[in-house]
Amino acid sequence: MQNFYERYKSHILLKEIGVTGHNHIKSSSVLIVGGGGLGSPLALYLAAAGVGNIGIIDFDIVDVSNLQRQILYNNNDVGKSKVEIAKERIEKLNSEVKVNAYNEKLTNINALNIFKNYSIVADASDNFQTRYLINDACVLNGIPDIWASVYRFEGQVSTFDAKKGACYRCFHPIAPEPDSVPSCGESGVIGAITGIIGSIQACEVLKIITGAGTPLIGRLLYFDSLNMTTKEFKIKKDKNCSLCGTNSSIKKLQNYDEFCQINKFSKNEITPDELKIKLKNKKKIKIIIICDKNEKQDLVFPNSFTVSLNNIMFLKDKLNINLETIFVCKYGYKSIYAIQLLKELGYKGKMYSLSGGTDKY
Amino acid sequence: MITIKLNGKDENVKENLSLLGLLEDKKIAPDTVIVALNMNVINQTELDKIFLSSGNSVEVLRFVAGG
């Protein structure tokens with residue numbers, strides 16, 4: 001057996017952790033929601049620290065565009081399940097860690113059942129619906145939500161623990177309209193900020209487990225890597241909070257797509273069914289299939305042509321501005337990126353992205 | 001007019017302006033941001049009830065979900 005002191009001595013030497021703290025880490029169970037830019041450093045640092053049980057939930061597969069920041073994965077992993085690779089990687093790093101890989105989407109149906117096996121949840125997800133869902137499930141289960149979020153060069157971190165301070169709903173009770181806030185895939189993000197912020201999250205998790213120092217409960221840490229400045233804000237618990245307030249109205253998980261008005265206002269996305277109806281009605285549309293040379297594209301669309309992502313910019317002068325253009329790709333991300341790019345280049349025609357890509361068609 | 005600090009820069013705004021009024025003047029949708037007054041995050045439902053005074057420091061951060 002490996003001598004645990006040798007392996008963890010740098011933690012054990014810290015008086016705030018010591019052997020007792022390390023034993024707490026060893027017997028702890030942490031769930032990471034999202035195996036992306038934040039989830040990667042989180043999973044690696046928690047595994048290296050010897051967290052006994054790590055759960056990781058994500059339904060995505062590794063895309064080549066993830067490798068710019070998602071350091072759990074490498075070239076050979078493209079096209080494979082994120083959580084399966086994460087499990088392999090973590091077990092290689094530390095065989096004492098038990099990893100539960102959930103290759104599924106976190107929903108209001110499975111959340112409470114999964115969460116009950118963990119004493120801490122780290123929110124490394126990438127959309128508002130999941131973030132509200134995580135918060136609500138954490139409050140209902142009475143466990144802390146170590147939350148972080150990134151955008152371009154910025155990151156934000158807080159620890160939402162309704163027993164001791166504000167929850168995510170106290171912080172921001174009204175979800176933003178869809179499309180009003182761009183995602184990383186749309187707005188861009190500097191890879192290293194996900195490393196910085198995900199590592200802060202890992203540090204917060206270890207502090208909560210060991211009781212070391214002062215956690216970010218009731219505080220928002222804002223990190224601007226472009227100017228390398230940080231700011232700290234106070235977040236007050238809202239006594240009227242619909243979830244954790246004195247007369248709370250939310251007693252069970254909600255419909256988060258509805259809460260975030262996902263289907264109501266999605267302006268640039270078209271569902272597979274909507275596209276099928278358009279095609280059935282022979283509506284005049286142009287379909288652009290975004291597909292790189294090494295990708296396989298099995299579906300055939302009428303009135304369509306295929307371009308690689310690198311050549312999207314040349315479409316600006318080729319598209320008919322009076323015709324609706326539908327962008328189609330395998331998972332529905334490159335198509336969003338294509339629309340964003342053409343918008344930035346000043347293309348004014350109507351554009352839609354096939355939501356979920358051909359994978360869901 | 002009164003002078004406040006908005007994201008660290010001096011800004012002249014009209015008197016009796018609420019935080020919500022400030023966002024409206026700047027054409028910022030209140031559900032897309034986090035607003036802090038003197039480093040305290042203000043609940044979205046309170047933005048119309050809090051009025052700016054001279055010397056106030058207001059920070060408007062984007063509310064984001066990227067991971």
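Order of the sequence lines sets the chain letters (A, B, ...), proteins ahead of strands, with each chain counted from 1.
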B/E59 versus chain A, heavy atoms under 4.5 Å apart: side chain, backbone, both or neither? side chain
Are any non-hydrogen side-chain atoms of A/I57 and A/I114 less than 4.5 angstrom apart? yes
Got a donor-acceptor contact below 3.5 angstrom from the A/R69 side chain to the A/I190 backbone? no
When the aromatic ring centroids of A/Y168 and A/F160 are compared, is their separation below 6.0 Å? yes
Residues of residues 19-31 of chain B under 4.5 Å from chain A (heavy atom pairs)? B/P30, B/D31
Checking heavy atoms, do the side chain of A/Q70, its backbone, both or neither come under 4.5 Å from chain B? neither
Measuring heavy-atom distances to chain B, does A/N127 have an atom under 4.5 Å in its side chain, in its backbone, in both, or in neither? backbone
Looking at side-chain heavy atoms only, is the closest gap between B/M1 and B/E15 below 4.5 Å? no
Taking all non-hydrogen atoms of both residues into account, name the closest pair between A/F259 and A/P173 and its distance. CZ-O, 3.4 Å
Is B/I34 close to B/R62 at the side-chain level, that is, under 4.5 Å between some pair of heavy atoms? no
Quick one: which of A/G34, A/S125, A/G39, A/A148 has the most heavy-atom pairs under 4.5 Å with chain B, could you say? A/S125
With a 4.5 Å cut-off on side-chain heavy atoms, are B/L61 and A/L220 touching? yes
Please report the closest heavy-atom contact between A/I200 and A/L221, naming both atoms and the distance. CD1-CD2, 4.0 Å
Ring centres under 6.0 angstrom apart (B/F63, A/F128): yes
Where does A/A166 contact chain B at under 4.5 Å (heavy atoms): side chain, backbone, both or neither? neither
Can you tell which part of A/V150 gets under 4.5 Å to a heavy atom of chain B, answering side chain, backbone, both or neither? both
